[in-house]
Structure formats: C-alpha cells, structure tokens
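Written below as structure tokens is the structure these notes are about.
Order of listing sets the numbers, starting from 1, for every ligand and every atom in it. Atoms considered below: every heavy atom in the structure, side chains included; atoms not considered: hydrogens, waters and symmetry mates. Because the structure is a prediction, the values reported are computed rather than measured.
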Amino acid sequence: MTLRNGKEFLMIPGPTSVPDDVLRAMHRPAVDIYEGPLVETTAFCMDGIRRLFRTKGRPYIYAANGHGAWDAALSNTLSRGDKVLVLESGRFAIGWGEAGEIAGLSMEILKGEWHKPVDPAAVENRLKQDRGGEIKAVLVVQVDTASGAWNDIAAIRKAMDAAGHEALLMVDTIASLGCMPFEMDDWGVDVALTGAQKGLMTPPGLSFVVAGKRATKAHATANLRTNYMDWTFRDGPEHYHKYCGTPPEHLLFAFRAALELIDAEGLENVWHRHALLAEATRKAIDVWAEGGVLEMNITEQTGRSDSVTVVRLRNVDPAPLRAFTKDVCGVTIGGAIGELSGKGIRIGHMGHVNAVMLLGTLSAIELGLAKLDIPHGKGGVQAAIDYLGGAL
Ligand SMILES: *Cc1c(COP(=O)(O)O)cnc(C)c1O
C-alpha cells in the first residue's frame, strides 16, 4: 500500500523544487542573442545577482553547475603553483580545493571537524604563521551541504584581517545564497559564487561568480585563465561576450522569474522564512532524538544551517527510512554523503519551500520512524507546529 500519489516533494539539498512560474518562464521559443528580450534579461539578472550577494562587484554568469563556478573563481584569480588554504567543515570546500589541484594549484587543508563549523581562531593562527605570504587564497563554504555546518564568514574575514594576511577570501554560497544572510561587500569577501539550483529555485545548469575589487586586480596577473571562464573576454562590449558564446537562454528566463519571486517576497523575508522552517525542523529532531538513535550532526546550535539539516542515525541504516518516505509517502529526502555516507539523512529546506512542504516532510519522517520501529521520541511534528505557532 502506498500513499504517494499527489504532489511529490523533493526535499534534498539541491536541486530543489522549481516553482511553476519558473518552469513556465522557459516555455517559449529561443530568441535572438544579439538584441531584444534576452539582452534586457541579462541586465536584469546581473542586477539581481548583485542584489542577492549584496555587492557592487562584477557578476559573471556561466552555463555550468557549481563545479564550473569553482573553476571560474580559481582560474581567473590564481596562478600555477599558488597555494590555497581550504577550511574544512565537511566535504565541499575540500572538493573545491581538489578542483584547484587539478588545475595546478597546491592545496593545504585546515583540518576541521564534520560536526562543527570552521573555527576562525584556527584560521588566524595558521595565517599568522604564513609570514612569506605563500597562501594566495582562502576557500570556504558558507554552508557545507554534507555536514549542515553554517560558517561565520564575517568572523573568518576578521580572523584574516587580525592575521594581517593578504590572501583573497573566496566563498562558496551554493547551499546558502537566497536562504540565509550573505553580505559580500560588508564582510569583505573577494570572490563569491553560487549555483542556481538550490536556494535560487532554478533548474540546474547556471552558476554565478562575483569578483570584488581585489579579485579583479588579481585577475590581471593570473595565469590559470581559460577561454570559457575568462573574465577579460566576458567584460567585452558585445552581449555574447558575457556568455563566451550562445547564452543559456531558457535558464536565464527561468532565473529571471525566480528573481522576481524573491523580489516579490523580499530577500529579508525569504531569509526569515528559511530561519523559521529550519528551526521547526530542529525542534522536531530534538524530540525524535530522545529515542537515542537520531541526533543533529552539528553539535553547536549556532553552527546549524537554515537551508539543510543533517541528522545522524546511531547504528540504524537510514536507507529504509528514506525509501519509506519516498515510496510510501511521496517525499524524497537526502542521504548523508562523504564521511557520513550510510549514517544519516539530509533534509533540504531551501528555496521554494513552505510550511506545508516542511510539516508534510517531517510528518512522513515521523510516520516512517514509527512504522520501521526506529526508536524516537513521539511528538516531533507537534513540537515543530508549537514552535511555528509561537514564532508567527
Ligand atoms: C551543491 C553544492 C556544490 C556543487 O554544486 P554542483 O552544482 O553540484 O556542481 C558545491 N558546494 C556546495 C556548498 C554545494 O551545496
């Protein structure tokens, strides 16, 4: 017996649910790439990217996923043999550093734990030891999608300043932009990047990189540049320069529609919605944790992301629970990855998510826990409801 017929929910940490308005925006013929609606859409998107990152920096749009944005950030600013310091708080910053190694950079990992965010004091200490200025860039993710950690970017910038270090600060906001506060200029971020398919509610295939002033300056001497990623070419006068060829037209129309949805709600209201839904999720997990099996992966309360929640299951295989929510209830939740592979679940609550989707997801999980006899405290969903009732 299944109860899955009806609207299916995709509650994984990306790609995420695409709003109907965004899907509809793509249902149109291709258009001229030299003039007309596409040129105006590009201007709208460039402006929207600046508003999302809160920056006056230079945005670049790539027909690529997040991995492409990683390459773009590194190749435009660094040179062969340069060292990057990768701040570990899960899987993703390390993946970015590994991409740099393939391109000819050398990577040093500042060891971190999978159950807490980056420690800014450790960053300061490491940079203070680098008297020769060998480290050219610090790579960090705002949210690590594998661990659920929320890194304090402003504090990391302060730590770099306290060390008096010149390295560029590069931040991956793929799992956080459009979900949680990010202030590129106020926080002194030199390069910021994101993908379209998570908080930004757009089908996968677009990513964005913004260059701050110091990054633009570093670009002038970088020797890892490649034709497709190159900022110099993309700064050219023609519209097609901005895409180094044919623009990903339909994805741009989709992204524009997503920006309009964010504008209509108000970016700060979007952040607030994410904060409430994330806290409701955590309230449910706190109750389920009383059974001694489930636990929040991130131990410190302040280090927990508002876009994805990672839950560990002690000595219980999470696969049957995920299969139950999907096959019986119609909601897909994520499995844990990396070091936590096979040991937990990831609940994505980012982008086009409302209370119905979140409470429905939590209910399906609680039903699954009961049906599969996984020990858990009863009333997790009620705790989420009580929290939202008090917060609204
Ligand atoms: C999803 C994700 C990526 C990878 O993005 P792709 O679009 O899959 O290449 C990188 N960093 C973070 C933090 C992510 O969440």
Side-chain angles (χ1 to χ4, degrees), residues 10-18 52-53 60-75 84 86-100 102-103 107 109 112 114 117-118 138-153 156 169-180 182 184 189 191-210 228-229 248 251 254-255 258 274 278 297-298 303-310 332-341 345-351 353:
L10 181 63
M11 301 292 279
I12 62 174
T16 62
S17 184
V18 179
L52 285 172
F53 282 99
Y60 298 92
I61 301 177
Y62 294 93
N65 61 15
H67 283 67
W70 282 350
D71 277 355
L74 301 175
S75 65
V84 296
V86 167
L87 311 185
E88 182 183 22
S89 61
R91 178 66 210 138
F92 283 87
I94 293 174
W96 190 3
E98 288 166 351
I102 290 174
M107 157 164 77
I109 297 172
W114 271 60
V118 169
V138 171
L139 311 188
V140 63
V141 296
Q142 186 180 22
V143 163
D144 192 293
T145 325
S147 67
W150 179 351
N151 291 315
D152 185 343
I153 303 302
I156 290 167
L169 173 57
M170 302 199 192
V171 184
D172 164 337
T173 69
I174 296 174
S176 51
L177 200 78
C179 306
M180 294 147 60
F182 185 77
M184 179 165 176
V189 174
V191 179
L193 60 86
T194 202
Q197 79 275 20
K198 298 194 184 179
L200 303 182
M201 309 179 286
T202 303
L206 271 190
S207 56
F208 315 112
V209 180
V210 184
Y228 180 71
M229 298 300 180
L251 287 174
F255 179 55
H274 281 83
N297 182 52
I298 299 296
R304 295 170 179 169
S305 156
D306 282 346
S307 54
V308 54
T309 297
V310 180
T332 302
I333 57 173
I337 57 172
E339 221 170 80
L340 298 173
S341 183
I345 58 171
R346 298 185 301 158
I347 306 168
H349 31 80
M350 61 175 99
V353 182

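No donor-acceptor pair closer than 3.5 Å links the side chain of Ser207 to the backbone N or O of Gly66.
Ranking protein heavy atoms by distance to atom 5 (O) of ligand 1, first place goes to Gly66 CA, 3.6 Å. Closest protein heavy atom to atom 14 (C) of ligand 1: Lys198 NZ, 2.9 Å. Scanning the protein heavy atoms around atom 9 (O) of ligand 1, the nearest turns out to be His67 ND1, 2.5 Å.
For ligand 1 and Thr145, the ligand atoms under 4.0 Å from any heavy atom of the residue are 12 (C), 13 (C), 14 (C), 15 (O). Near Ala175, meaning under 4.0 Å from any of its heavy atoms, are these atoms of ligand 1: 15 (O).
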Task: Audit row: Trp96, Leu193, side-chain contact (heavy atoms from CB on, under 4.5 Å) steps and yes/no - done: CA-CA 12 Å; Trp96 190 3; Leu193 60 86; 3.6 Å; yes
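Not a single N or O atom of Asp144, backbone or side chain, sits closer than 3.5 Å to an N or O atom of ligand 1.
Contact annotation: for Trp70 versus ligand 1, heavy atoms closer than 4.0 Å belong to the side chain alone. At a heavy-atom distance under 4.0 Å, only backbone atoms of Val143 (N, CA, C or O) approach ligand 1. Residue contacts with ligand 1 for Asp172 involve side-chain atoms from C-beta outward but no N, CA, C or O (heavy atoms, distance under 4.0 Å).
Ligand 1 has at least one atom lying under 4.0 Å from a heavy atom of Gln197.
Between Phe208 and the choices Phe255, Phe53, Tyr60, the ring-ring contact (aromatic ring centres under 6.0 Å, His included) rule is met once, by Phe255. Screening Leu340, Thr309, Thr145, Ile12 for a side-chain contact (heavy atoms from CB on, under 4.5 Å) involving Arg346 leaves a single residue, Thr145.
A 4.5 Å side-chain heavy-atom check between Pro204 and Asn65 finds every atom pair outside the cut-off. Looking at Val310 and Ile298, their side chains never come closer than 4.5 Å, going by heavy atoms from C-beta outward. Contact of the Ile174 side chain with the Trp70 side chain is registered, since non-hydrogen atoms from C-beta on lie closer than 4.5 Å.
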